[in-house]
Participant: 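Before anything else, here's the structure in question.
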Amino acid sequence: QVQLVESGGGLVQAGGSLRLSCVASGRTFSSYAMGWFRQAPGKKRDLVAATSGSGGSTHYADSVKGRFTISRDNAKNTVYLQMNSLKPEDTAVYYCASGNSWHYTEKESTYDAWGQGTQVTVSS
């Protein structure tokens, strides 16, 4: 059974930075894509960033390009989301998710394991 545990959320002022971490267990980490999603109150859950099993390919939502960086350490079974220049509109619950294959996609349905979520709040 795959388990994903996020950490690193919190309250930060606009312009600040946070780094989210997600530790995975229960499957061969490097064989699967990983993604970070977020859900703001009253809105649907959207993909923020994704990376392939090796970390060599990445994808970002337009709203976070140039500000967020996804990375992974396969030796530590951990994926990270470095968030810089945070804006109030980045406020959401952030979820890490494991894809069902080595290649990432943008489709939520292709992610078959989810963390519990971590709250990120950006004050203006």
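For clarity, every value in this text was computed on a predicted model and none was experimentally measured.
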Participant: Output the distance between atom CD1 (Ile70) and atom OG (Ser57), rounded to the nearest 0.5 Å.
Facilitator: 11.5 Å
Participant: Does Tyr104 use its side chain to pair, donor to acceptor, with the backbone of Thr58 at less than 3.5 Å?
Facilitator: yes
Participant: Between Val122 and Glu89, is there a side-chain heavy-atom distance shorter than 4.5 Å?
Facilitator: no
Participant: Say you draw a straight line from NZ of Lys65 to NE2 of His59; how long is it, rounded to the nearest 0.5 Å?
Facilitator: 7.0 Å
Participant: Report yes or no: do Phe29 and Leu81 belong to one cluster of Ile/Leu/Val/Met/Phe/Trp/Tyr joined by side chain heavy-atom distances under 4.5 Å?
Facilitator: yes
Participant: Using the rule that Ile, Leu, Val, Met, Phe, Trp and Tyr join whenever any side-chain heavy atoms are under 4.5 Å apart, tell me whether Tyr60 and Leu20 fall into a single cluster.
Facilitator: yes
Participant: Please report the shortest heavy-atom distance between Tyr95 and Gly117, naming the atom on each side.
Facilitator: CD2-CA, 3.5 Å
Participant: Relative to each other, are the rings of Phe37 and Trp114 parallel, tilted or perpendicular (30° and 60° limits)?
Facilitator: tilted
Participant: Supply the atom-to-atom distance Asp73 CG to Ser30 OG, rounded to the nearest 0.5 angstrom.
Facilitator: 11.0 Å
Participant: What is the distance from atom CD of Gln116 to atom CD of Glu6, rounded to the nearest 0.5 Å?
Facilitator: 4.5 Å
Participant: How long is the span from the NZ atom in Lys107 to the CG atom in Leu47, to the nearest 0.5 Å?
Facilitator: 13.0 Å
Participant: Test Val48 against Met83 for side-chain contact (heavy atoms from CB on, under 4.5 Å), laying out the working first.
Facilitator: CA-CA 11 Å; Val48 174; Met83 305 185 293; over 6 Å; no
Participant: How far apart are the closest heavy atoms of Ser98 and Leu4, and which atoms are they?
Facilitator: N-CD1, 3.7 Å
Participant: So, Asn100 and Thr110: side-chain donor and acceptor under 3.5 Å apart, yes or no?
Facilitator: no
Participant: Starting from the C-alpha separation in whole Å, work towards a yes-or-no answer on side-chain contact (heavy atoms from CB on, under 4.5 Å) for Val64 and Arg38.
Facilitator: CA-CA 12 Å; Val64 306; Arg38 69 184 180 187; 4.0 Å; yes
Participant: At their closest point, which heavy atom of Val79 faces which heavy atom of Ser71, and how far apart are they?
Facilitator: CG2-O, 3.2 Å
Participant: Which atoms form the tightest heavy-atom contact between Tyr32 and Arg27, and what is the distance?
Facilitator: CD1-CD, 3.4 Å
Participant: I want to know whether Trp36 and Phe68 have ring centres closer than 6.0 Å.
Facilitator: no
Participant: Would you sort out whether Ser54 and Trp102 count as a side-chain contact (heavy atoms from CB on, under 4.5 Å), showing the intermediate values?
Facilitator: CA-CA 8 Å; Ser54 68; Trp102 189 87; 3.4 Å; yes
Participant: For Leu86 versus Leu18, what's the shortest heavy-atom pair and its separation?
Facilitator: CD1-N, 3.9 Å
Participant: Indicate if Met34 and Val2 have the same hydrophobic cluster label, given that clusters are the connected sets of ILVMFWY residues with side-chain heavy-atom separations under 4.5 angstrom.
Facilitator: yes
Participant: Calculate, to the nearest 0.5 Å, the distance between atoms CZ and SG belonging to Arg72 and Cys22 respectively.
Facilitator: 10.0 Å
Participant: Give me the atom names and distance for the closest heavy-atom approach of Ala14 to Ser124.
Facilitator: CB-CA, 4.4 Å
Participant: Walk me through whether Gln13 and Ser123 qualify under side-chain contact (heavy atoms from CB on, under 4.5 Å).
Facilitator: CA-CA 5 Å; Gln13 289 188 331; Ser123 63; 3.7 Å; yes
